[in-house]
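The structure under discussion appears below in the form of structure tokens.
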4 protein chains.
Amino acid sequence: MNSQSENEQLSRRSIGARRNPASQEAILDAAADLLRENGIAGFSIEAVARRARAGKPTIYRWWPNRTVLMLDVYKRFKTARTFSDTGSLRGDLIGFLDNQLIGFWRGSLCGLVYRAVIAEAQNDVGAAEALQAYQAERKGVAVQIIEKAKARGEVPPQTNAMLIIDMVVSYAWHQLLLGHLDEAAGQIESVIDTILSGVAGYKPV
Amino acid sequence: MNSQSENEQLSRRSIGARRNPASQEAILDAAADLLRENGIAGFSIEAVARRARAGKPTIYRWWPNRTVLMLDVYKRFKTARTFSDTGSLRGDLIGFLDNQLIGFWRGSLCGLVYRAVIAEAQNDVGAAEALQAYQAERKGVAVQIIEKAKARGEVPPQTNAMLIIDMVVSYAWHQLLLGHLDEAAGQIESVIDTILSGVAGYKPV
Amino acid sequence: MNSQSENEQLSRRSIGARRNPASQEAILDAAADLLRENGIAGFSIEAVARRARAGKPTIYRWWPNRTVLMLDVYKRFKTARTFSDTGSLRGDLIGFLDNQLIGFWRGSLCGLVYRAVIAEAQNDVGAAEALQAYQAERKGVAVQIIEKAKARGEVPPQTNAMLIIDMVVSYAWHQLLLGHLDEAAGQIESVIDTILSGVAGYKPV
Amino acid sequence: MNSQSENEQLSRRSIGARRNPASQEAILDAAADLLRENGIAGFSIEAVARRARAGKPTIYRWWPNRTVLMLDVYKRFKTARTFSDTGSLRGDLIGFLDNQLIGFWRGSLCGLVYRAVIAEAQNDVGAAEALQAYQAERKGVAVQIIEKAKARGEVPPQTNAMLIIDMVVSYAWHQLLLGHLDEAAGQIESVIDTILSGVAGYKPV
DNA sequence: GCGTAACCGAGACGGTACGTCGGGTCTTCCG
DNA sequence: CGGAAGACCCGACGTACCGTCTCGGTTACGC
């Protein structure tokens, strides 16, 4: 990934009064590399600039703070993860929890990055807003899963779609933040079944 | 709370070769005050030492890092929250989610502190372990709710108790970290009902 | 002075393959204004370009560095200060020290500009050379005062004209650089008299 | 001079709640070295910190700005330059202009440093005040030369002592700032003679 | 009379330095 | 020995300018 950025070495000047894509690439590459190598602790604007052979102002020009930069790194890896429409609500939710959340985070750098973003959002107001906006957009997409199920008659129209999505995402976040993604991967079906059908054999007193 | 620490003002020297409780109190007070006033951003060992009129080494002597200090602040407020045994699994879980998690975090400084702790745990290995341990202990207690329900015959013996607790806690964490505790307070019953009974009217295709 | 530059506002493009006088005026105006308003500290190529609505390369194209630009601002104000030939060496030197140096610097922006130029010349070789050249030329003119006195027989032919001019200019510089121009204004005659006639009543032991 | 600071290499921690002389030495050494090697241009707080293996805050703790630091470097070299009392005003002034000013600046790093200080004082108010104070103190000492001459009856009591000192110092500054110290060294006697006795053979018209 | 060369504004680029804040370590001094 | 005090090195923060570069557009001149 960064082989390209590394062999361009020492020449990446201005290309006029507009954003230089090569610089942006190099910065995102450097940010990703740093996260991969040293984790969140090794990530700082200073270090990214050094690594990318970019000036700090160039970074601050385009990303107001490190959270937004991290989110950009995140989005960069989140390449076209399409919904695999399985035709059933259960299948779709399992696919969502696996492909878009737990499995996706396990299989790439993204889990690490997302942890950092969430952590950052707890300290910084701007970061919180950026994460908020990103969450809203992602959940808006996921809600469509429920809406399709409503159209099919799998769930009643008055079902609180957002609550269901919230519960699915919540579980994934929790496991991510505790570093339990591997264990969680084995629970995916159980989680979805519980949300859809409740605790098996539950008999209220 | 900090009235005591404020009127002792300028004199709190050593009391001999043992831990000075007044200093510990003053430090915890100062930490809590800072969190209350400026949020997580205003919290630093430096600031706590200034506020508490304590030396930094005094803090480092007793708390290895800021995470542990935060956790201590948290525990200090978490005064004897007893389980209100309602006699039903639904009631107990609602009480758990409300009294021990969402409602508890909303009504005090603790939500803020816990957000900071979780954030810290994403960057720092020691912090992660401390949080891990705390989580395990708390969940161990919560699992008893399910076990009691098993004893009553409300749920079958093979029910995965930890998974249910995980889902409840997950939801609370997620809302906490997104700053949605107020909205979440109105969803408590729906969440528990969904976990126990599933989505109302769900008919698999 | 800058009324013209201000009402041309937003349109000053290229006028072909030659220097645009309007731009040069605007840049010099902006430089002068900045010096007037914020002093030397507020003067930077960046700020001049912003103020003049000019591109930085336009400035660098015509002035190799800020010192030369400052010197141009200085020369711009130094409008036709003619020697008032008083017929006596004393009168001429007083006129020189007053009209061309101390009084001139006090009464206009030029004192400020010249301070900046001298300061710049201490750091930058190019600036030093520019100042050097300017000094040589100005002193060459001033030396004529002495030469005229020689022709009149006021001073012997072997008199070191440059040394006298140096001493006069030195005094002015020193007071300028220490910000003592106002106090120095009252000493002008004493200085010239001392240089010409020595300390009154001096009797070597 | 810096051999000591260089071979202590990597160990210079805190020595408790008080100023560490070793650090101060290392910082002043580094500052002097940088000025010696690269001139004023190579002098920056950043570079001094790097060179001295000191933290920037350590420098800012003790020197509010670079001017004060430069002045400290200057004073450090200005070791006990005693007045050589020659018994005559002419001899004393020549000694002052040579030993304390022109000759002193030529023979050491101090000329360079002083140029930098003067330049700095043109841009920065704090620097100007520091230089002002230093000047006042130095001139106060120099004025004693004239006072002794008054006591001897060499000059009348009403002689403006400060003006004479000002003229001597002015000449030195001017030559320093123009980089003409070498040429000026040959003019020392002429300058003092002119100040004391005036232009030889001057006959007012 | 038309291409082209130099100018113009704009602003991004890699850098250096600024002055500040906090982290975690160390030492001294007092009680 | 405990605790305050605070200095130490370190590194990151976010900002200001530096001087260079490329752009797209605009004349005026020379072939």
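Computation of the quantities below employed the complete heavy-atom set of this structure, encompassing side-chain atoms and omitting hydrogens, waters and symmetry-equivalent molecules. First the proteins, then the strands, lettered A, B, ... as listed; each starts at 1.
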Integer-rounded Å distance: [N] [atom2] and [X] [atom1]:
| X | N | atom1 | atom2 | result |
| --- | --- | --- | --- | --- |
| C:Ile45 | E:dG9 | CD1 | P | 14 Å |
| D:Ile15 | F:dC9 | CD1 | P | 10 Å |
| A:Arg12 | F:dT22 | CZ | C1' | 16 Å |
| A:Trp63 | F:dG14 | CH2 | C1' | 16 Å |
| A:Leu69 | F:dA12 | CG | C1' | 15 Å |
| B:Ile27 | F:dG2 | CD1 | C1' | 12 Å |
| A:Asp124 | F:dG14 | CG | C1' | 13 Å |
| C:Ile59 | E:dG9 | CD1 | P | 9 Å |

Distance below 4.0 Å between [X] side-chain N/O and [N] OP1 or OP2:
| X | N | value |
| --- | --- | --- |
| D:Ser23 | F:dC9 | yes |
| C:Trp62 | E:dC8 | yes |
| C:Arg61 | E:dC8 | yes |
| A:Gln24 | E:dC13 | yes |
| B:Arg50 | F:dG6 | no |
| D:Arg13 | E:dG24 | no |
| D:Thr58 | F:dC9 | yes |
| D:Arg53 | F:dC10 | yes |
| C:Arg66 | F:dC18 | yes |

Exercise for the section: Return the 5'-most residue of the pair D:Ala47, B:Ala47 with respect to DNA chain E, ranking by each residue's nearest nucleotide. Expected result: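 Going by which nucleotide is closer to the 5' end, it is D:Ala47.
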Practice task
Assign each of C:Ala52 and D:Pro64 to its nearest nucleotide of DNA chain E by heavy atoms, then name whichever residue's nucleotide is nearer the 5' end.
Solution key: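 Closest to the 5' end, via its nearest nucleotide, is C:Ala52.
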Exercise for the section: Report yes or no: is there a donor-acceptor pair, N or O only, under 3.5 Å between the side chain of A:Lys56 and the base of F:dG14? Expected result: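 Under the 3.5 Å cut-off, the side chain and the base do form a donor-acceptor pair.
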[options]: which one has an atom nearest the side-chain heavy atoms of [X]?
| X | options | answer |
| --- | --- | --- |
| C:Pro57 | E:dC13, F:dT26, F:dC21 | F:dC21 |
| D:Arg19 | E:dA10, F:dC8, E:dC13 | F:dC8 |
| D:Glu46 | F:dC18, E:dC18, F:dA4 | E:dC18 |
| A:Ser44 | F:dC13, E:dC13, E:dT27 | F:dC13 |
| D:Tyr60 | E:dG19, E:dA12, E:dC8 | E:dG19 |

Practice task
Report the residue from B:Ile118, B:Asp72, B:Leu71, B:Val73 that forms a side chain to side chain contact (heavy atoms under 4.5 Å, CB included) with B:Val113.
Solution key: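 In the set B:Ile118, B:Asp72, B:Leu71, B:Val73, the residue that makes a side chain to side chain contact (heavy atoms under 4.5 Å, CB included) with B:Val113 is B:Val73.
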Handout entry: Ionic contact status for A:Glu25 with A:Arg76, cut-off 4.0 Å
Key =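 Yes, this pair counts.
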Exercise for the section: Would you verify whether the NZ or CZ of D:Arg19 falls within 45 degrees of the ring axis of D:Trp63 while also being under 6.0 Å from that six-membered ring's centre? Expected result: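 Yes, cation above the ring, under 6.0 Å and within 45°.
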Problem - Minimal non-hydrogen separation, D:Ala41 against C:Asn123, with atom names - result: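 Taking every non-hydrogen atom into account, CB-O, 4.2 Å.
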Handout entry: Closest heavy-atom pair and its distance - B:Asp33, B:Arg51
Key =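 Heavy atoms only, the tightest pair is CB-NH2, 3.4 Å.
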Handout entry: Upstream residue (5' side of DNA chain F) when D:Gly55 and A:Asn65 are each assigned their closest nucleotide
Key =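 Residue closer to the 5' terminus by nearest nucleotide: D:Gly55.
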Handout entry: B:Leu28 vs B:Leu69 side-chain heavy atoms within contact, under 4.5 Å
Key =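 They are in side-chain contact.
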